[in-house]
Amino acid sequence: MKQFNNAAMNPITVSAPGKLMLFGEHAVVYGHPCIVTAVGQRMFLTVQTLNSKLLTLNSPEVNVTNYSKLLDQLGEGEMPKGARFIEIAVKNFSEKYTVKSGLQITTRSEFASTFGFGSSSASTVCTIKALSELFDLKLSNKEIFDLSYKTVLDVQGKGSGFDVAAAIYGGSLLFFTGGKEITPLTINHLPVIIGYSGIKADTVRLIEKVAEKAEKEPEVVEDIYKRIEQIVEKAKTAIEKSDFEEAGKLMTENQLLLSQLDVSSEKLDAMIQAARDAGAYGAKLSGAGGGDCMIALRNAQGKPAVEKAIERVGGQVIDVETNVEGVRVENKQM
Ligand code: MEV
């Protein structure tokens, strides 16, 4: 097994994008495909070795300042919420590759963690990628995925890993749970409009809520998942052909099925309806539901009217690029 000592190494800075679920949420947790795109708000992370036995972490955006833990006690005792994913990522990496030197990690985030753009998975991916670079391991994307996904499951217990895949591979992906299949889509552009509901979604609780429904009505829920899968397949073709009218229609159909799973909310429904009334090709919630964001499709010409309509019902329009590059080493340090 490869071991690393206190060799002085140059700091490494990496960055990874956030994600936006386009089609297939919830069903993806149960073996069906989803479509996700990487968004242009990035997490930056710098790591360097320390002459100590400590992990030291500074993540100002989540109120973590000079947090430190002995390397052989990672994952034990108190962990501030904002430190969990990075601490467990370092633990998983060191268990696999036996890191002996102390580490100092600093993060800088371009995105508010409240939007549900996947800041936790982006920081997990950044940690594994940065350590792989620091120790010159040249881990493949799939190896980075497996360690990062294990970290996400260790911390939150649930999830398909689609957010981890978006942070690593970037672009837009057809994704199956646990990374069983990760297929990049050929997309030129995606005229998506994003509205934030102002409410933070509790992903784990919503996954549990759907699981409870599936326990009570297994056939109904399985039928919904199957129909979502058909929508995902059609949506893949539509967005690869830039047929956004068709993709929009499929969004609205997907939303109907998400409503039947009871994961939408009044606020999301109002924003989705407003977008459609203002001429969007279609709209749906994006992610776990209950809050976070909704998305709508409309060409550039019709975009302002849809944005205004979303704002009129209390949504916040978020302007971000989609289909952006995945995790990368940054030349400059933060
Ligand atoms: C949450 O953003 C999307 C879910 O499908 C959960 C997951 O895939 O990890 C509900």
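Since the structure is predicted, the reported quantities are computational estimates derived from the model, not experimental observations. Values below: all heavy atoms of this structure, side chains included; hydrogens, waters and symmetry mates excluded. In listed order, ligands and their atoms are each counted from 1.
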Name of the residue among Asp223, Val221, Ile224 meeting side-chain contact (heavy atoms from CB on, under 4.5 Å) with Gln260 = Ile224
Is the distance between the ring centroids of His32 and Phe23 less than 6.0 Å?
-> no
Output, or 'none' if empty, a list of ligand 1-protein atom pairs in which both atoms are N or O and the distance is under 3.5 Å, rounded to 0.1 Å.
| from | atom 1 | to | atom 2 | distance (Å) |
| --- | --- | --- | --- | --- |
| ligand 1 | 5 (O) | His26 | N | 2.9 |
| ligand 1 | 8 (O) | Ser160 | OG | 2.6 |
| ligand 1 | 9 (O) | Ser160 | N | 2.8 |
| ligand 1 | 9 (O) | Ser160 | OG | 3.4 |

Exactly one candidate in Pro11, Ser15, Cys126 meets side-chain contact (heavy atoms from CB on, under 4.5 Å) with Thr46; the answer is Pro11
Measure the acute angle between the ring planes of Phe93 and Phe135, then classify it against the limits of 30° and 60° as parallel, tilted or perpendicular.
-> parallel
Would you be so kind as to tabulate the donor-acceptor pairs closer than 3.5 Å made by side chains of residues 152-168, with sequence neighbours excluded?
| from | atom 1 | to | atom 2 | distance (Å) |
| --- | --- | --- | --- | --- |
| Asp154 | OD2 | Asn92 | ND2 | 3.1 |
| Asp154 | OD2 | Lys150 | NZ | 3.1 |
| Gln156 | NE2 | Lys158 | O | 2.9 |
| Ser160 | OG | Phe162 | N | 3.3 |

Test item: Glu110 side-chain N/O and Arg42 main-chain N/O as donor-acceptor pair under 3.5 Å | yes
